[in-house]
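Here the structure comes first, spelled out in structure tokens, and everything after it is commentary.
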2 protein chains.
Amino acid sequence: MTTIQSRIRQNKYKITPQRQAVLKVLSAAIQPLSPAEVHKLVQADKPATGMATVYRSLQLLAELGLICELHTAGNCHRYLLKRIDSHHHHLICSGCGQVVHVEGCGLKEITENLSRQTGFAIDTHLLEFIGRCRNCQKGIGKV
Amino acid sequence: MTTIQSRIRQNKYKITPQRQAVLKVLSAAIQPLSPAEVHKLVQADKPATGMATVYRSLQLLAELGLICELHTAGNCHRYLLKRIDSHHHHLICSGCGQVVHVEGCGLKEITENLSRQTGFAIDTHLLEFIGRCRNCQKGIGKV
DNA sequence: CTCAGTGCAAAGTCTTTGCACTCGT
DNA sequence: ACGAGTGCAAAGACTTTGCACTGAG
């Protein structure tokens with residue numbers, strides 16, 4: 001938490017109660033949240049907070065690499081606090097939305113090959129696994 | 001092309017000039033197109049075509065698995081004809097948007113491990129490589 | 001004290017929907 | 001001929017922006 005704040009300060013942005021509230025909400029969340037959900041949860045804390053501020057905060061935090069932006073099927077954008085600094089991905093349950101962290105992906109080699117073959121400078125990759133958790137397989141979350 | 005049409009027919013949907021036009025545009029495209037781009041290109045062929053029809057066609061074709069939906073950074077949704085029936089992914093240039101097909105990804109093993117560890121039934125994964133093509137590395141597409 | 005950050009409301013985008021008409025089958 | 005599919009325009013969702021005010025540094 002303190003590291004996060006110092007990262008914000010380092011980049012010459014201010015630490016405002018609103019930004020803290022957004023971070024708090026995201027750090028308490030187990031599953032990724034949409035901007036609207038973040039807004040609702042932030043309002044429990046700071047009722048006056050506007051939607052625009054939530055968007056601006058999410059944008060800032062994503063820019064600083066403090067949170068991840070996920071692309072899910074229906075509700076396209078969802079955000080998640082980056083808990084681990086290492087390279088990782090997410091396994092997302094399509095039933096209930098729960099997220100599991102996945103360490104490593106073994107794509108280093110394929111990335112290097114691709115780069116060699118195509119001449120692309122490959123910056124990153126977007127990888128998400130989509131499935132159904134144990135509960136949702138039992139038909140609970142059948143959407 | 002004929003296989004595509006039969007796939008549409010199989011699912012009891014009609015083959016309309018508009019759907020054909022959307023398919024034609026996508027099959028002629030080298031890079032993935034946004035709905036708006038598809039619309040513009042379709043209009044060159046059938047000027048009366050409405051935006052709504054383009055959306056409905058894209059949705060239908062994606063549902064039938066005939067086209068891929070990509071999640072890119074800025075303009076979130078873009079569509080691409082599925083040229084190859086095998087499992088594949090895309091390498092996308094963040095400068096000019098050009099797309100390279102990537103065969104295989106070596107994620108079978110990691111998927112199986114994940115499934116075992118987490119109890120998830122993993123249906124699929126979303127994988128895209130993001131980089132800059134040779135031209136854009138030369139600074140041409142510096143956005 | 002200053003200016004980045006905020007809240008609000010208005011303006012943009014992007015996407016979907018309702019409805020009468022058209023046209024593939 | 002029948003009903004899926006269409007075009008249009010309006011509605012809806014989501015996101016950004018302008019502007020005066022507030023408060024973090």
Side-chain angles (χ1 to χ4, degrees), chain A residues 2 4-25 32-64 66-67 69-79, chain B residues 1-2 4-25 32-64 66-67 69-79 97:
Chain A
T2 324
I4 290 178
Q5 303 205 345
S6 64
R7 185 98 70 106
I8 294 174
R9 237 188 292 260
Q10 271 166 35
N11 290 67
K12 293 174 188 147
Y13 293 113
K14 291 179 181 170
I15 294 170
T16 64
Q18 291 85 345
R19 287 175 185 168
Q20 285 179 311
V22 168
L23 279 168
K24 194 168 137 195
V25 161
L33 303 173
S34 65
E37 287 162 349
V38 172
H39 183 226
K40 206 170 77 185
L41 291 166
V42 163
Q43 286 200 319
D45 206 350
K46 287 216 76 212
T49 310
M51 194 72 233
T53 298
V54 171
Y55 274 103
R56 285 184 284 226
S57 300
L58 290 173
Q59 202 172 299
L60 175 72
L61 297 172
E63 180 195 319
L64 295 181
L66 298 171
I67 61 178
E69 182 180 290
L70 298 188
H71 296 254
T72 57
N75 201 331
C76 191
H77 292 132
R78 296 183 157 269
Y79 296 84
Chain B
M1 200 53 168
T2 324
I4 289 179
Q5 302 206 346
S6 64
R7 184 97 71 106
I8 294 175
R9 237 188 293 260
Q10 271 166 35
N11 289 68
K12 292 175 188 146
Y13 292 113
K14 291 180 181 169
I15 294 169
T16 64
Q18 292 84 345
R19 287 175 184 169
Q20 286 180 311
V22 168
L23 279 168
K24 194 167 136 194
V25 161
L33 302 174
S34 65
E37 287 162 347
V38 172
H39 183 226
K40 206 169 77 184
L41 292 167
V42 163
Q43 287 200 318
D45 207 349
K46 286 215 76 211
T49 309
M51 194 71 232
T53 298
V54 171
Y55 274 103
R56 285 184 284 225
S57 300
L58 290 173
Q59 201 172 300
L60 175 72
L61 297 172
E63 180 194 320
L64 295 181
L66 298 171
I67 62 178
E69 183 181 291
L70 298 189
H71 296 254
T72 56
N75 201 331
C76 192
H77 292 132
R78 295 184 158 268
Y79 296 84

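A note on names: the letters A, B, ... follow the listed sequences, proteins ahead of strands, and every chain is numbered from 1.
With rounding to whole Å, A/Gln20 atom CD is found 15 Å from D/dG23 atom P. Nucleotide C/dG5 holds its P atom 15 Å from the CG atom of A/Leu58, rounded to whole Å. Counting to the nearest Å, the P atom of D/dA4 and the CZ atom of B/Arg19 are 11 Å from each other. B/Arg9 places its CZ atom 15 Å from the C1' atom of D/dG5, with the value rounded to the nearest Å. Atom CD of A/Gln5 is separated from atom P of D/dA24 by 13 Å (rounded to the nearest Å). In this structure, CG of B/Leu60 is placed 14 Å from P of D/dA4, rounded to the nearest angstrom. Rounded to a whole Å, the NE2 atom of B/His39 is 16 Å from the P atom of C/dT13. For the pair A/Glu63 CD and D/dT16 C1', the computed distance is 16 Å after rounding to whole Å.
Using a 4.5 Å heavy-atom threshold, the side chains of B/Tyr13 and B/Leu60 count as touching. Looking at heavy atoms from C-beta onward, A/Val22 lies out of side-chain contact with A/Thr49 at the 4.5 angstrom threshold. Counting heavy atoms from C-beta on, the side chains of B/Tyr55 and B/Met51 come closer than 4.5 Å. B/Gln5 places a side-chain heavy atom less than 4.5 Å from the side chain of B/Gln20. The shortest distance between side-chain heavy atoms of B/Thr53 and B/Val42 does not fall below 4.5 Å.
The 12-atom threshold is exceeded at NZ of A/Lys46, counting heavy atoms of other residues, nucleotides or ligands nearer than 6.0 Å.
Between A/Tyr13 and A/Ala48, the one whose closest nucleotide on DNA chain C sits nearer the 5' end is A/Tyr13.
For B/Thr53, no side-chain nitrogen or oxygen approaches OP1 or OP2 of D/dT6 to under 4.0 Å. Contact check, A/Gln18 against D/dG23: no side-chain N or O comes under 4.0 Å of OP1 or OP2.
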_nucleotides 15-24 of chain C: protein proximity per nucleotide (B base, S sugar-phosphate only, - neither; heavy atom, under 4.0 Å)_ = SBBB-----B

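With hydrogens and angles ignored, the 3.5 Å screen pairs no side-chain donor or acceptor of A/Arg9 with any backbone N or O of A/Ile15.
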